[in-house]
**Student:** 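Mind looking over this structure? Questions follow.
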Number of protein chains: 2
Amino acid sequence: MFERKIPKDLDCGMAMIMEIIGGKWKPCLIRNISQGHRRPSELQRLNAKASRRVLYQQLQELEEHGIIERIVYPVLPPKVEYFLTELGNSLLPVINVMDDWGTQYLKNPHKRPLLKLGA
Amino acid sequence: MFERKIPKDLDCGMAMIMEIIGGKWKPCLIRNISQGHRRPSELQRLNAKASRRVLYQQLQELEEHGIIERIVYPVLPPKVEYFLTELGNSLLPVINVMDDWGTQYLKNPHKRPLLKLGA
DNA sequence: GGGTATAGGGCTAATTTTAGCCCTATGCTA
DNA sequence: TAGCATAGGGCTAAAATTAGCCCTATACCC
């Protein structure tokens with residue numbers, strides 16, 4: 001897979017939650033799923049800018065962290081659905097607080113001295 | 001400096017706040033400063049595992065985003081202090097919510113199926 | 001003079017994260 | 001038969017982040 005050289009130390013809560021929601025697409029995925037978009041293909045469509053590969057990887061990690069649950073229906077063509085676990089649901093308020101703050105920030109350019117967004 | 005190939009799109013609040021606090025040491029720095037540790041050398045001591053270089057970089061970014069303010073005292077040897085801006089202060093509750101959630105997660109291993117921490 | 005400490009920039013390398021292609025398999029429709 | 005959709009793994013490359021060294025300058029102490 002990939003051999004990590006520098007060990008992660010999830011010493012504080014902050015590091016822990018960053019480990020969980022820190023991926024580039026994870027917050028989006030959590031949101032999408034919470035809004036009823038459960039199937040992988042749907043999530044791909046909603047996050048068209050993300051490579052399919054990465055979405056699956058991040059979904060896997062969310063699953064490993066116990067944030068989402070993956071249900072496989074034994075049908076053909078395959079059908080899979082993701083659901084937020086109870087733990088995942090408990091994350092929603094946190095994400096909302098973060099998003100609210102970020103949205104406020106975006107609305108107040110005067111408080112935003114210089115943003116080098118590159119490219 | 002570094003030429004970004006893939007443009008960042010800070011389309012939603014979530015992306016925005018991640019841009020601001022997403023650095024490896026940024027939440028720590030914000031906390032440290034909020035707790036009265038203002039001088040660069042102090043921050044280095046508190047985050048001994050981080051390279052000095054990276055700390056400075058992240059401090060710069062926090063400053064550019066308007067989260068902290070840098071005061072230079074014209075003395076020798078040089079003296080610099082960082083302070084949270086009003087905006088930076090408004091970030092503290094958000095960070096606390098995140099940290100609380102993460103701390104809870106750390107306390108409940110049964111809700112934590114498999115953690116591949118590597119190394 | 002040689003050591004400390006102060007605060008940082010320049011530059012490159014190591015590490016980690018994302019992205020992009022290939023491949024599997026089945027059943028449907030045109 | 002060809003093409004689409006379904007859901008993913010394998011592998012490698014690109015991009016981004018973080019780390020690690022070098023350097024500057026001044027004033028103190030021994």
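The chains referred to below are lettered A, B, ... by the order of the sequence lines, with proteins before strands, and numbering in each begins at 1.
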**Student:** State which of dA7(C), dG8(D), dA19(D) makes the closest approach to the side chain of Tyr56(B).
**Tutor:** dA7(C)

**Student:** Starting the side chain at C-beta, find the nucleotide from dG20(C), dT18(C), dT16(C) nearest to Ile6(A).
**Tutor:** dT16(C)

**Student:** Students often get this wrong, so: under 4.0 angstrom with heavy atoms, is Gln58(A) touching a base, only sugar-phosphate, or nothing?
**Tutor:** sugar-phosphate

**Student:** Of all the nucleotides listed (dA19(D), dT18(C), dA7(C)), which has the minimum atom distance to the side chain of Val54(B)?
**Tutor:** dA19(D)

**Student:** Taking the side chain of Arg45(B) as its heavy atoms from C-beta onward, which of dG8(C), dT6(C), dA19(C) lies nearest to it?
**Tutor:** dT6(C)

**Student:** Side chain of Tyr82(A) only, heavy atoms from C-beta on: which candidate in dG8(D), dA7(D), dT18(C) is closest?
**Tutor:** dG8(D)

**Student:** Would you check if Arg45(A) and His37(A) make a side-chain contact, meaning some heavy-atom pair closer than 4.5 Å?
**Tutor:** no

**Student:** Could you state the atom-to-atom distance from NZ of Lys79(B) to C1' of dG8(C) in whole Å?
**Tutor:** 17 Å

**Student:** Side chain of Asp99(A), backbone of Ile95(A): donor and acceptor closer than 3.5 Å?
**Tutor:** no

**Student:** What nucleotide, of dT17(C), dA19(D), dA15(D), holds the atom closest to the side chain of Lys5(B)?
**Tutor:** dA15(D)

**Student:** From dA19(D), dT16(C), dA7(C), pick the nucleotide closest to the side chain of Lys24(B)?
**Tutor:** dA19(D)

**Student:** With a non-hydrogen cut-off below 4.0 angstrom, is Arg52(A) in contact with a base, only sugar-phosphate, or nothing?
**Tutor:** base

**Student:** Run through Leu62(A), Asn89(A), Ile33(A), Ile21(A) and flag the one making a side-chain contact (heavy atoms from CB on, under 4.5 Å) with Ile67(A).
**Tutor:** Leu62(A)

**Student:** Report the distance from atom CH2 of Trp25(B) to atom P of dG20(D), rounded to the nearest whole Å.
**Tutor:** 10 Å

**Student:** Between dA7(C) atom P and Gln44(B) atom CD, what is the distance in whole Å?
**Tutor:** 7 Å

**Student:** Tell me the interatomic distance from Leu59(B), atom CG, to dA19(D), atom C1', rounded to whole angstroms.
**Tutor:** 16 Å

**Student:** Within the pair Arg70(B) and dG8(C), is there a side-chain N or O less than 4.0 Å away from OP1 or OP2?
**Tutor:** yes

**Student:** Using a cut-off of strictly less than 4.0 Å, decide whether Arg4(B) has a side-chain nitrogen or oxygen near OP1 or OP2 of dA15(D).
**Tutor:** no

**Student:** Check every atom of dT26(D), dG8(C), dT17(C) against the side chain of Pro77(B) and return the nucleotide holding the closest atom.
**Tutor:** dT26(D)

**Student:** Can you tell which of Glu69(A), Arg70(A), Arg39(A) makes a side-chain contact (heavy atoms from CB on, under 4.5 Å) with Glu81(A)?
**Tutor:** Arg39(A)

**Student:** Tyr73(A) near the nucleic acid: base, sugar-phosphate alone, or nothing, with a heavy-atom cut-off under 4.0 Å?
**Tutor:** nothing

**Student:** Please compare Ser51(A) and Pro78(A) by the position of their nearest nucleotide in DNA chain C and report the one closer to 5'.
**Tutor:** Ser51(A)

**Student:** Take atom CZ of Arg39(A) and atom P of dA5(D), then tell me their distance rounded to the nearest Å.
**Tutor:** 13 Å

**Student:** Please report the C-alpha distance between Arg38(A) and Ile71(A) in whole Å, then the side-chain angles of each, then the deciding distance to 0.1 Å, and finally whether the side-chain contact (heavy atoms from CB on, under 4.5 Å) criterion is met.
**Tutor:** CA-CA 10 Å; Arg38(A) 314 194 196 295; Ile71(A) 310 281; over 6 Å; no

**Student:** Short question: side chain of Tyr105(B), backbone of Ile20(A) - any donor-acceptor pair under 3.5 Å?
**Tutor:** no

**Student:** Would you indicate which nucleotide in dG8(C), dT17(D), dT26(C) comes nearest to any side-chain atom of Gln60(B)?
**Tutor:** dG8(C)

**Student:** Atom CD of Glu42(A) to atom P of dA5(D): distance rounded to whole Å?
**Tutor:** 15 Å

**Student:** Would you kindly give the CD-to-P distance between Glu19(A) and dT17(C), to the nearest whole Å?
**Tutor:** 8 Å

**Student:** Could you tell me the separation between the CZ atom of Arg53(B) and the P atom of dT12(C), rounded to a whole number of Å?
**Tutor:** 13 Å

**Student:** Counting the atoms with a prime plus P, OP1 and OP2 as sugar-phosphate, which does Val80(A) contact under 4.0 Å by heavy atoms, base, sugar-phosphate, or nothing?
**Tutor:** sugar-phosphate

